[in-house]
Each structure stands twice: as C-alpha cells, then as structure tokens.
Amino acid sequence: MAFGTIIAGIIGISNIMVFVVKERTKEIGIRKALGATPKSVISTILLESVFITTISGIIGMFIGIAILSSLGKKLEDFFITNPYIDMPVAIFATIVLIIFGGLAGYIPAKRAARIKPIVALRDE
C-alpha cells in the first residue's frame, strides 16, 4: 500500500510540475533572456517541486496518523485491536516521498532549462 501511495505521489508531482513549466514558459523565457543560467532554472523548479512535496507529505502524514488513531476502537469488530504506525516509519516514508518528488520534478525542470528564450516568448 505504501509503495503504491508513493508511486501515485510521484506521478502526481510530475504532472503538476509539467503543468507548472507549461504555464510559466514566458516567465522562464524572460528569465533566460535576462541571463538566467540553466542551473538557475532547474534549481527554481526543483525547489518548487520539493516544497510542494514536503508540505503535502507532512500534511498527509498527520492526517493519516489522525485517522488511524481515531479508528482505534471502531476496528475491534474486524479483529484489529491496536492500529498504529511507528513515527520513524511515517517520517521515513515522508522523506522517501520528498526525495522522489524532487526526482520527479527534475525531468520537467531539465526540459524547461532547454527552452530557448525566443521560442518561450512567442508561446501562447
């Protein structure tokens, strides 16, 4: 379950970052025309990707822990007596999600760094 959730998160972040790059093509073109290096463009998009993943991962972790702890007594009918998750496991899963979210943002960032300024400024 956790592996599937992480894969879904990676795909979601990648799709969000592709959309962000597409919507900000003119901005990237202007930045490159003013002298921004490809490294600068990549680092900006990666920073945004990691930020989105971190905030979403932390909120999701706390919501998941809250739901799991609130279901405690209600699950005894299904022979689940003590549902819990170890905090180190939850934190490790969130860190893994953040790392892979950054990697998922790298592909759109690399594509954005290759955009030529004149092409980006003509884009509608």
Side-chain angles (χ1 to χ4, degrees):
M1 289 286 274
F3 186 70
T5 303
I6 289 174
I7 294 297
I10 291 168
I11 292 170
I13 289 295
S14 183
N15 287 336
I16 289 169
M17 295 317 295
V18 166
F19 182 74
V20 164
V21 167
K22 189 172 190 160
E23 287 294 313
R24 293 172 53 190
T25 301
K26 280 191 186 259
E27 175 193 334
I28 293 168
I30 291 169
R31 287 184 64 208
K32 289 190 76 170
L34 292 174
T37 63
K39 183 179 178 182
S40 168
V41 173
I42 290 173
S43 66
T44 301
I45 294 171
L46 280 180
L47 179 67
E48 188 171 344
S49 174
V50 169
F51 179 76
I52 290 170
T53 307
T54 301
I55 297 300
S56 301
I58 290 172
I59 290 171
M61 179 181 67
F62 285 128
I63 289 173
I65 290 171
I67 289 173
L68 194 60
S69 65
S70 71
L71 289 176
K73 294 291 182 186
K74 297 174 187 171
L75 293 177
E76 287 182 357
D77 294 338
F78 301 103
F79 304 107
I80 300 173
T81 57
N82 188 15
Y84 75 98
I85 184 167
D86 289 331
M87 201 57 159
V89 172
I91 291 171
F92 177 73
T94 304
I95 290 171
V96 167
L97 179 65
I98 292 168
I99 290 169
F100 282 112
L103 291 175
Y106 182 74
I107 294 169
K110 193 71 169 167
R111 188 176 305 144
R114 282 189 253 136
I115 295 173
K116 297 196 182 318
I118 192 71
V119 174
L121 293 174
R122 287 186 189 159
D123 187 46
E124 285 296 320

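The figures that follow rest on heavy atoms only: side chains count, while hydrogens, waters and symmetry mates do not.
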Report yes or no: does Ser56 contribute a side-chain atom to a donor-acceptor pair with the main-chain N or O of Thr53 at less than 3.5 Å?
no
For Ile98, what are the other residues in its hydrophobic cluster, where any two members join if their side-chain heavy atoms are less than 4.5 angstrom apart?
Val50
By the salt bridge (charged side-chain N to carboxylate O under 4.0 Å, His left out) test, which pairs, at least two apart or in different chains, include something from residues 41-50?
Arg24-Glu48
Here the salt bridge (charged side-chain N to carboxylate O under 4.0 Å, His left out) pairs for residues 82-94, sequence neighbours left out, are none
Side chain to side chain contact (heavy atoms under 4.5 Å, CB included) partners for Ile91, two or more places apart
Met61, Met87, Ile95
Quick check: closest heavy atoms across [X] and [Y], and the distance to 0.1 Å?
X	Y	value
Ala104	Ser14	O-OG, 3.8 Å
Ser49	Gly101	OG-O, 2.8 Å
Gly105	Leu46	C-CD2, 3.7 Å

Same hydrophobic cluster for [X] and [Y], using side-chain heavy-atom links shorter than 4.5 Å among ILVMFWY?
X	Y	answer
Ile118	Ile28	no
Ile58	Ile65	yes
Phe62	Leu68	yes

In Å, rounded to the nearest 0.5 Å, how long is the span from [atom1] of [X] to [atom2] of [Y]?
X	Y	atom1	atom2	result
Ile45	Ile107	CD1	CD1	13.0 Å
Thr54	Leu47	OG1	CG	9.5 Å
Leu97	Ile13	CG	CD1	7.0 Å

State, yes or no, whether a side-chain contact exists between Phe92 and Val89 at a heavy-atom distance under 4.5 Å.
no
Criterion side chain to side chain contact (heavy atoms under 4.5 Å, CB included) on Ile16 and Phe19, from CA distance to verdict:
CA-CA 5 Å; Ile16 289 169; Phe19 182 74; 5.8 Å; no
Sequence neighbours excluded and cut-off under 3.5 Å, please list the side-chain donor-acceptor pairs for residues 32-42, or say none.
residue, atom, partner, partner atom, Å
Lys32, NZ, Ala113, O, 2.5
Lys32, NZ, Ile115, O, 3.0
Thr37, OG1, Ser40, N, 3.2
Ser40, OG, Arg31, NH2, 2.9

Got a sec, which pairs hit side chain to side chain donor-acceptor pair (under 3.5 Å) with one end in residues 89-111, sequence neighbours left out?
none
